[in-house]
Every structure is written in C-alpha cells, then in structure tokens.
Asks: 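I have a structure here, written as structure tokens, and I will follow up with some questions on it.
Lettering follows sequence order; numbering is per chain, from 1.
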There are 2 protein chains.
Amino acid sequence: MNLGSCLAERLSHYLDLTDNEHAALDEIEVQERECKRGTIIRREQDRGRELFVLRSGWLQSHVVLGDGSRQIMRFFFPGDIIGLSSLALDHSPETIVTVSDATIAPFNRQKLCDIFESHPRLAALIFTVTMAERVAMADRLASIGRTSARARVASILCEIFARNRVMLKGELSELQLPLTQEDLGDATGLTAVHVNRMMRGLVDDGLIARSGNKVGLIDEGRLAAEANFIDRYAKIDTSWLPPAR
Amino acid sequence: MNLGSCLAERLSHYLDLTDNEHAALDEIEVQERECKRGTIIRREQDRGRELFVLRSGWLQSHVVLGDGSRQIMRFFFPGDIIGLSSLALDHSPETIVTVSDATIAPFNRQKLCDIFESHPRLAALIFTVTMAERVAMADRLASIGRTSARARVASILCEIFARNRVMLKGELSELQLPLTQEDLGDATGLTAVHVNRMMRGLVDDGLIARSGNKVGLIDEGRLAAEANFIDRYAKIDTSWLPPAR
DNA sequence: CGGTCATTTGAGAAAGCTCAAAAAGTGTGG
DNA sequence: CCACACTTTTTGAGCTTTCTCAAATGACCG
C-alpha cells in the first residue's frame with residue numbers, strides 16, 4: 001500500500017496510463033500523513049489550499065446547518081482526490097473528517113496546475129471522473145428528494161459497495177462499515193433512529209445481513225432495484241480524451 | 001445576443017481571457033439552434049455525445065424514478081454548458097428539457113478535447129467552474145436532506161436569482177419565472193401543493209412578492225438566512241490556474 | 001368561448017421525527 | 001483481566017410535517 005500512486009491506480013482502472021503520466025502522478029503522492037479516526041482534515045471556512053489523495057481509510061465531508069443538524073455530502077474512499085470542492089472558493093464549503101484511521105497524501109494546487117499544463121489527457125481524465133462523481137451526487141439528490149427512507153438506506157449501501165469495488169476489483173459482498181447509523185442518517189437525510197428501523201427491515205426481508213459493523217449483501221439485485229441504484233463508477237467513457245503526451 | 005460567445009462572456013466574469021482564448025471559445029458556438037419551450041434536448045438513456053452552450057432561455061435536467069415521480073437535478077441558465085453529465089457515460093443519466101424558449105449552441109466533444117490540449121488555462125477554468133457547480137449541488141443536497149419545506153423553497157429561489165445575476169450583472173430583484181410550482185416541487189423534493197402553501201407563507205411574511213409568474217425579492221437577507229443560502233457563483237478563485245497560452 | 005393547464009384551498013392519512021429509556025458494545029485505566 | 005464510562009444500537013409511544021385526494025378557482029390559448 002505504500003508503493004506507487006493510489007490516484008494512478010484508480011485512474012488506470014479507466015485508462016492505460018503512459019510512463020510519463022505515471023511519473024506525473026507519482027509526484028503528487030510524495031508525502032504521506034497518517035490520521036486517526038475522527039481527525040478533522042479541514043474545517044468549514046478554513047482557507048485550506050491543499051489537496052489530498054486518499055491512500056487508505058474512509059473520510060466524509062459534511063456541513064452543519066444553523067439548527068445544528070448535519071448533512072454528509074460525500075464519502076471518500078481510497079484513490080479519491082480530497083479538497084477539490086475548495087478549489088473554486090476562498091474558504092472551504094465543508095468540513096472533512098476521517099471516518100476510520102486513514103492515510104492521506106497532501107499535495108499543492110500547483111501540482112494540479114502542472115497536470116493541466118503538461119498532461120492534457122490526465123487533466124481531461126480527472127475532469128471526466130469528476131463528472132461521474134457529479135452524476136453520482138445527482139443520483140443521491142434524487143434518492144433523498146424523491147424516495148422513501150427504506151430506499152435511501154438501500155441506496156447508500158449500494159453506493160458504498162459500488163465505490164469500494166472500483167479499487168478492490170472483483171468480489172465484494174461483505175464490508176466492515178466504520179459508519180454509525182447517525183452517519184448514515186446524516187448522509188441520507190434521516191434520523192439515526194429511522195435508519196435503524198429501515199436496516200432492520202432490510203435484514204428481515206433478506207436483502208442484507210449484519211453482525212457487529214459488518215454488512216453483507218444477500219440479495220444485491222433486489223437491493224439495487226428498491227434503491228433505484230445505478231453504478232456510475234463501474235466504467236466511464238474515455239473515448240473523447242486527447243492523446244497522451 | 002447573436003454576437004460573440006456566451007461561454008466566453010460567462011467565463012470572463014471570473015477571469016480576463018486572452019484573444020487566443022476568446023478565439024477558441026468562439027469556435028465552440030458557431031452553430032445555433034432555437035428551441036420552443038418544452039423541447040426535449042436529450043432523453044435519459046440517449047447516446048447523445050454532443051454538448052451545448054446555452055445562449056438564451058432556461059433548461060432543466062431531471063430523472064423519472066420507478067414510481068413515476070420526477071427529480072429535477074439542475075436548472076441551466078445562459079452561459080452554462082449543457083451535457084457534461086453524459087461526458088463520462090455511454091448513455092445520458094438524465095433528461096434535459098427547455099423550460100422556456102431557448103437558444104442553444106451545439107458543439108462536439110472534440111472541441112472540448114481541443115481546449116484541454118491547446119488551452120490549459122481555459123480547461124482549468126472550466127474545471128473550476130464545474131467544481132463550483134458541484135458545491136452548489138452539495139448545498140442543494142443539504143437543503144433537501146436537512147431543511148424544512150419552507151427553507152427549501154426559499155433556497156431554490158435564492159439560487160435562481162444568484163445564478164441569473166452572474167450573467168446579468170448587478171441589480172436583479174424581480175424575475176419572470178417560467179417554472180410551474182410542480183417544477184419547483186420536483187426540484188426541492190416537495191409536492192406542488194406544498195410548494196404553493198410555502199410560497200404563500202413567504203409572501204404573507206413579506207419575504208417575496210408575486211404577480212403572475214413574476215417573483216420579486218422583498219427581503220432577500222431574511223430569505224437567504226431562512227434558506228441557509230450561500231452564493232457559490234458570485235466569485236471563484238482562479239489564482240491557481242496555469243498561465244494563458 | 002370552451003378546453004386545458006396551473007394555482008389555490010380544505011381535510012384526512014401517512015411517513016418519518018422526537019423524546020425517552022433500555023440493551024449492547026467499546027475502550028481505558030487500574 | 002475487570003470495572004467504569006461512554007458511545008452506539010434498539011425499541012416504544014405519541015406528535016409533526018408533509019403528502020394525498022378532491023374540488024374550486026383562475027389564467028391562457030386557439
């Protein structure tokens with residue numbers, strides 16, 4: 001896990017990278033930082049100008065509203081770039097926290113700038129992956145806006161499994177969730193209490209299984225159907241990209 | 001309205017563009033298509049590989065869920081790029097429809113590719129604007145997930161005004177809304193009936209005014225406060241961009 | 001002027017929330 | 001390894017917000 005670039009590994013699932021491109025990405029992950037579970041990487045309103053590649057562990061980003069309620073915007077998994085949301089802004093729009101122990105590789109905006117200048121194909125690929133993420137976020141909008149509590153819980157579970165599959169490749173039917181039901185509620189716009197009831201329902205109906213904080217998919221097809229879930233990360237279209245340099 | 005590139009105009013609110021860059025953007029909007037209100041530009045699952053710049057009028061994109069309910073993902077206003085969401089995908093994840101009569105300028109993915117190759121600064125700027133849009137979408141997620149019906153309606157109104165201000169520059173306290181209350185409901189995750197009641201409430205409390213489908217902001221400060229609204233489009237940070245070529 | 005579509009209002013129903021308390025885990029220092 | 005403190009999960013009961021259904025009113029178009 002300590003060798004090579006996680007970002008390169010992630011991107012190479014979508015495209016064969018040239019040596020040149022590999023070299024450019026390796027330069028991004030030269031530093032490394034270990035963070036304990038619950039570490040705040042960036043606080044809302046911080047002027048953080050750094051970016052990170054997540055190398056291991058999970059993170060989430062959230063906002064806290066006026067009445068104290070919290071909305072989790074996004075979970076981050078290995079290979080994700082963290083902090084792009086502050087790229088356009090002076091101040092971070094969200095708080096970013098580790099959800100499990102994690103390793104992150106900080107890098108400067110300048111590095112991203114270099115990629116746009118010297119590696120147009122990589123820049124376009126990162127842009128494309130980002131678009132896929134936006135589509136996934138739109139899916140979550142629809143989930144929260146227009147589906148039942150049960151469907152929302154099913155949906156977030158599907159998404160977590162789908163996104164972890166990109167890096168792990170292949171089989172993945174059981175997963176250690178470092179998330180509390182409170183977290184799941186804040187991600188789906190529900191209360192922890194109601195998440196609990198919905199999870200029990202999913203277990204009772206044989207869609208998932210649980211023990212401790214392990215969750216297993218029993219009938220993924222039915223789960224995805226109930227959730228209206230579509231996997232946006234499985235493959236992305238790279239046909240339009242410029243040639244590698 | 002027929003002269004020059006709308007995209008260039010939009011982008012130049014954030015950055016002074018070079019002649020070179022202007023020329024590149026002008027090439028994008030060479031064609032033009034008029035569309036009547038209600039025209040479907042792209043259907044969910046279409047294999048559309050074209051992109052568009054919106055030159056005049058409003059559009060929305062939405063999905064229809066299994067039970068027939070609809071979620072509007074996004075509204076598009078002049079200067080926006082349309083179709084980026086299908087960039088990463090073989091098939092369009094959403095349906096895109098004109099909400100008023102509109103003029104769109106279709107262009108090929110290849111043109112975007114050219115920009116990544118030849119105009120890294122423009123590519124990075126487009127990337128950055130896209131990030132701002134993602135942040136705005138995250139705000140909407142929080143709005144739908146964690147705020148009351150009244151706050152959600154207030155929020156969507158704030159967003160519509162804020163985004164129209166970018167292009168119109170300066171004062172804008174009254175706007176002709178080509179949206180039905182059904183549309184607003186589908187954007188905020190509410191029913192049309194409930195949107196109606198919330199709007200009445202906002203009018204009664206002196207936050208907004210209405211006549212026909214014109215909406216005016218009476219007390220924008222209070223409206224934004226109730227909505228938890230933050231304008232993500234007013235200015236964006238361009239300090240990290242590579243030099244113009 | 002009739003027909004269609006959008007808005008408005010009312011009343012009852014349902015999904016999900018709040019509060020409260022018990023049960024089950026988890027981690028820490030002794 | 002145990003005991004205590006703390007967090008998380010689970011369950012129950014009543015309450016609110018928002019939805020659904022229905023019907024009336026109003027606006028626009030040909």
Side-chain angles (χ1 to χ4, degrees), chain A residues 36-39 60 65 67-72 97-101 143-157 176-204 208-215 226-227, chain B residues 36-38 60 65 67-72 97-101 143-157 176-204 208-215 226:
Chain A
K36 283 242 160 301
R37 173 183 175 164
T39 305
Q60 49 98 333
L65 301 184
D67 64 349
S69 64
R70 184 178 71 150
Q71 172 72 45
I72 292 183
V97 193
T98 56
V99 143
S100 66
D101 293 350
S143 173
I144 294 180
R146 284 296 187 219
T147 74
S148 69
R150 178 174 161 116
R152 291 189 226 172
V153 172
S155 167
I156 197 83
L157 291 176
Q176 177 94 13
L177 276 201
L179 308 169
T180 64
Q181 294 180 0
E182 186 95 41
D183 291 333
L184 292 176
D186 287 340
T188 52
L190 300 169
T191 56
V193 172
H194 210 59
V195 168
N196 182 278
R197 292 193 233 265
M198 295 302 109
M199 295 258 278
R200 158 175 278 297
L202 294 175
V203 171
D204 289 351
I208 64 173
R210 277 187 318 153
S211 69
N213 43 18
K214 276 214 191 79
V215 173
E226 278 209 34
Chain B
K36 283 240 160 302
R37 176 186 171 158
Q60 48 98 333
L65 301 184
D67 64 350
S69 64
R70 185 178 70 151
Q71 173 71 44
I72 292 183
V97 192
T98 57
V99 142
S100 66
D101 292 351
S143 174
I144 295 180
R146 283 296 185 219
T147 75
S148 69
R150 176 172 162 119
R152 291 190 225 173
V153 172
S155 168
I156 196 85
L157 291 175
Q176 176 94 14
L177 277 200
L179 307 168
T180 64
Q181 295 181 357
E182 185 95 41
D183 291 332
L184 292 176
D186 288 341
T188 52
L190 301 168
T191 57
V193 171
H194 209 60
V195 168
N196 182 278
R197 292 192 234 265
M198 295 303 108
M199 295 258 277
R200 157 176 278 296
L202 294 174
V203 171
D204 289 351
I208 64 171
R210 277 188 317 153
S211 69
N213 42 18
K214 276 213 192 78
V215 173
E226 279 210 34

Asks: Quick one: are B/Leu184 and B/Ile156 in side-chain contact, heavy atoms under 4.5 Å?
Replies: yes

Asks: Not counting sequence neighbours, which residues clear side chain to side chain donor-acceptor pair (under 3.5 Å) with B/Ser100? List them please.
Replies: none

Asks: Using a 4.0 Å heavy-atom cut-off, write out nucleotides 11-18 of chain C from 5' to 3' as B (base contacted by protein), S (sugar-phosphate only) or - (no contact).
Replies: B----BSB

Asks: Not counting sequence neighbours, which residues clear side chain to side chain contact (heavy atoms under 4.5 Å, CB included) with B/Ser143? List them please.
Replies: B/Thr147, B/Arg152, B/Ser155

Asks: Answer whether the closest heavy-atom distance between the side chains of A/Val153 and A/Glu226 falls below 4.5 Å.
Replies: no

Asks: For A/Asn213, which residues count as a side chain to side chain contact (heavy atoms under 4.5 Å, CB included) partner, sequence neighbours excluded?
Replies: A/Gln176

Asks: So, taking the atom named CZ in B/Arg37 and the one named CG in B/Asp101, what distance separates them when rounded to the nearest 0.5 Å?
Replies: 8.5 Å

Asks: Nearest 0.5 Å, please: how far is CD1 in B/Ile144 from CZ in A/Arg146?
Replies: 8.5 Å

Asks: Whole-Å distance between C/dT26 P and A/Asn213 CG?
Replies: 7 Å

Asks: Check the distance between C/dT9's C1' and B/Met199's CE and give it to me in whole angstrom.
Replies: 16 Å

Asks: Can you tell me if the side-chain N/O atoms of B/Asn196 get under 4.0 Å from OP1 or OP2 in C/dT7?
Replies: no

Asks: Spell out protein contact along nucleotides 25-30 of chain D as letters: B when the base is contacted, S when just the sugar-phosphate is, - when no protein heavy atom is under 4.0 Å; keep the 5' to 3' order.
Replies: ------

Asks: Take B/Ile72 and B/Glu182 through the side-chain contact (heavy atoms from CB on, under 4.5 Å) test and state the conclusion after the steps.
Replies: CA-CA 10 Å; B/Ile72 292 183; B/Glu182 185 95 41; over 6 Å; no

Asks: If we fit an axis to the first five pairs and another to the last five of the helix from C/dC1-D/dG30 to C/dG30-D/dC1, what angle do they make, to the nearest 10°?
Replies: 50°

Asks: Between atom CD1 of B/Ile208 and atom CG of B/Leu202, what is the distance when rounded to the nearest 0.5 Å?
Replies: 5.0 Å

Asks: Side chains of residues 191-199 of chain A: which donor-acceptor partners sit under 3.5 Å, not counting sequence neighbours?
Replies:
| residue | atom | partner | partner atom | Å |
| --- | --- | --- | --- | --- |
| A/Thr191 | OG1 | A/His194 | N | 3.3 |
| A/Asn196 | ND2 | A/Gln181 | OE1 | 2.9 |

Asks: For DNA chain D, determine which residues of residues 176-185 of chain B have any heavy atom closer than 4.0 angstrom to one of its atoms, and list them numerically.
Replies: none

Asks: Looking at residues at least two apart in the chain, or sitting in another chain, which of them share a salt bridge (charged side-chain N to carboxylate O under 4.0 Å, His left out) with B/Arg210?
Replies: none

Asks: For a quick test of reading the model: is some side-chain N or O of A/Arg200 closer than 4.0 Å to OP1 or OP2 of D/dG12?
Replies: no

Asks: Taking only residues two or more places apart in sequence or in another chain, which ones pass side chain to side chain donor-acceptor pair (under 3.5 Å) with B/Ser148?
Replies: none

Asks: A/Arg200: which residues meet the salt bridge (charged side-chain N to carboxylate O under 4.0 Å, His left out) condition with it, sequence neighbours left out?
Replies: A/Asp204

